[in-house]
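Working notes for the structure below.
Remember, it's 1-based here, ligands and their atoms both numbered in the order they're listed.
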Amino acid sequence: MTKTSSSPEAILLVGGKGTRLRPLTMNTPKPMVPAAGVPFLTHQLARARAAGVEHIVLATSYLAEVFEPYFGDGSALGLHLEYVTEEEPLGTGGAIRNVASRLHSGPDDPVLIFNGDILTGLDIEALVHTHRTANADVSLHLTRVEDPRAFGLVPTDATGRVTAFLEKPQTPEEIVTDQINAGAYVFNRSVIDSIPADRPVSVERETFPGLLAAGAHLQGMVDSTYWLDLGTPQAFVRGSADLVLGRAPSPAVPGRCGDRLVLDTADVAPDAKLTGGTVVGAGARVEPGARVDGSTVLDGAVVEAGAQIRDSLVGAGARIGARTVLDGAVIGDRAHVGADNELRAGARIWCEARIPAGTIRFSSDQ
Ligand code: GDD
Ligand code: MG
């Protein structure tokens, strides 16, 4: 296969350990949970395609068997997709090295690498351009966040060259910048081949610090486009709503952007109120007088009359009883929450659980 310099290949990292969404969506790995009506991964694949990428290798480990039946060879998205499954999770660097044999790129060609849980408006072509202009070994998309502790800190000099990489800083002294690794890279192919094979390697804790110590050129590209790590259910709900609202750009949102996205076979009562980027999945039902704001109601779920739902995820086939209030809650697949309950502030209902009517109230006792 030939490959032009204007269309780099990409690796998408979608493995690793289970996620916090896992007990709530049973056998669906996070990249396959629908965001704005399609498996989240579709947005990343479609954005890469729109930036000219044609060949993408998915590096998977956890629940790998669900990706290929859905995305197949990628032709529906105009892509050529390949899948590589690790027997044991190899870490981010190990996963990258493990798919090297599937790349067609030459040693000096740029290869894009994406964390599989990021929703962003990153200008992918600009990152490749930065990489070429700087003549870097690796280039990283960086973003600024208020609290960088859950991320990889990446200070740069005045020219954007990376001076250190500090993954998940532990002490206040380590917090030297608010610039973090946004989880999108360009690697020269030869750098990928230099990662040790057949053992777990963390690109954040081993590869980047090692390259810096050896004098390699790591270039950072800071920008302020939309960026969200979907690592928590709350972030996932936010991301889905932002896709629907058009704040997070994706060519894969089915339908026009707006206040709501109601999939074809959903049944929404005329006086139900759907706002704030709410998604109602296929075959789901929202009954009269219900209000759903900034939330994701997955396929086949039922929201009964007068229920009020905000910033919440209602799993596939779940049922929310009449007048029940959800705010910042996550309801697992096929769980039933009876009428007249109130679940707020991070409440999590496991898959298939049953909460009888009138059982839970939330009160600050003020
Ligand atoms: N194939 C494979 N194998 N993929 C993996 C493995 C593995 O063993 N481990 C992690 N991944 C994938 C995850 O599926 C995810 O898409 C990506 O690599 C990053 O892993 P996370 O577990 O989500 O890491 P994080 O969010 O704590 O931190 C990473 O992302 C931050 C930005 O969101 C780091 O790269 C940080 O430096 C960065 O700031
Ligand atoms: Mg993450």
| task | Check each atom of ligand 1 against the heavy atoms of Val14 and keep those under 4.0 Å away; list them by number with element. | result | 14 (O)
| Do the side-chain N and O atoms of Ser295 and Thr278 include a donor-acceptor pair separated by under 3.5 angstrom? | no
| Does any N or O atom in Phe165 lie less than 3.5 angstrom from one in ligand 1, N or O only? | no
| task | For the Mg ion (ligand 2), find the closest N/O/S atom on Asp117 and give its atom name. | result | OD2
| message | Is it the case that ligand 1 has an N or O less than 3.5 angstrom from some N or O of Asn181? | response | yes
| field | Asp123-His129 side chain donor-acceptor pair, cut-off 3.5 Å | value | no
| query | Taking the minimum heavy-atom distance to atom 14 (O) of ligand 1, which of Ser61, Gly15, Gly116 ranks first? | reply | Gly15
| query | Looking at Val330, Val279, Ile331, which one forms a side chain to side chain contact (heavy atoms under 4.5 Å, CB included) with Leu313? | reply | Val330
| message | Applying salt bridge (Lys or Arg N to Asp or Glu O under 4.0 Å), can you list everything that pairs with Glu287, at least two apart in sequence or on another chain? | response | Arg285
| task | May I ask you to check whether Ser202 and Glu204 show a side-chain donor-acceptor distance below 3.5 Å? | result | yes
| task | Find all atoms of ligand 1 within a distance of less than 4.0 Å from any non-hydrogen atom belonging to Glu167, and give their numbers and elements. | result | 28 (O), 34 (C), 36 (C), 37 (O)
| task | Please could you name the atoms of ligand 1 that Leu90 approaches to less than 4.0 Å, counting only its heavy atoms? | result | 8 (O)
| message | Could you tell me if Thr156 and Gln179 have a donor-acceptor pair between their side chains, going purely by distance under 3.5 Å? | response | yes
| query | Taking the minimum heavy-atom distance to atom 27 (O) of ligand 1, which of Glu88, His141, Lys168 ranks first? | reply | Lys168
| request: Compute whether any side-chain donor of one residue and acceptor of the other, for His141 and Asp223, lie under 3.5 angstrom apart. | output: yes
| Ile180 N/O under 3.5 Å from ligand 1 N/O | no
| query | Any side-chain donor paired with an acceptor under 3.5 Å for Thr85 and Thr60? | reply | yes
| For Thr296 and Pro34, which heavy atoms make the closest approach, and how far apart are they? | CG2-O, 4.3 Å
| request: Say whether Gly91 and ligand 1 are in contact under the criterion: heavy-atom distance to a ligand atom below 4.0 Å. | output: yes
| query | Of all the atoms in ligand 1, which lie at a distance below 4.0 Å from a heavy atom belonging to Ile118? | reply | 33 (O)
| request: Please identify which atoms of ligand 1 are closer than 4.0 Å to at least one heavy atom of Tyr185. | output: 35 (O)
| Taking atom types as modelled, is there a side-chain donor on Asp259 or Thr275 under 3.5 Å from an acceptor on the other? | no
| task | Can you sort out which atoms of ligand 1 are near Leu13, meaning under 4.0 Å from one of its heavy atoms? | result | 12 (C), 14 (O), 15 (C), 16 (O), 18 (O)
| field | Step-by-step side chain to side chain donor-acceptor pair (under 3.5 Å) determination, Ser190 to Asn188 | value | CA-CA 5 Å; Ser190 56; Asn188 282 345; 5.1 Å; no
| note | Which atom of Asp229 is nearest the Mg ion (ligand 2), counting N, O or S only? It is OD2
| request: List every atom of ligand 1 that sits less than 4.0 Å from any heavy atom of Ala95, numbering the atoms from 1 in the order shown and giving each element. | output: 1 (N), 2 (C), 3 (N)
| Would you say the side-chain atoms of His336 and Glu352 include a donor-acceptor pair closer than 3.5 Å? | no
| Hey, does Gly183 come in under 3.5 Å of ligand 1, counting only N/O atoms on both sides? | no
| query | For ligand 1, which atoms have a heavy atom of Pro89 less than 4.0 angstrom away? | reply | 8 (O)
| task | Return yes when Phe208 approaches ligand 1 closer than 4.0 angstrom through a heavy atom, no otherwise. | result | no
| query | At a non-hydrogen distance cut-off of under 4.0 Å, which region of Asp117 contacts ligand 1 (side chain, backbone, both, or neither)? | reply | both
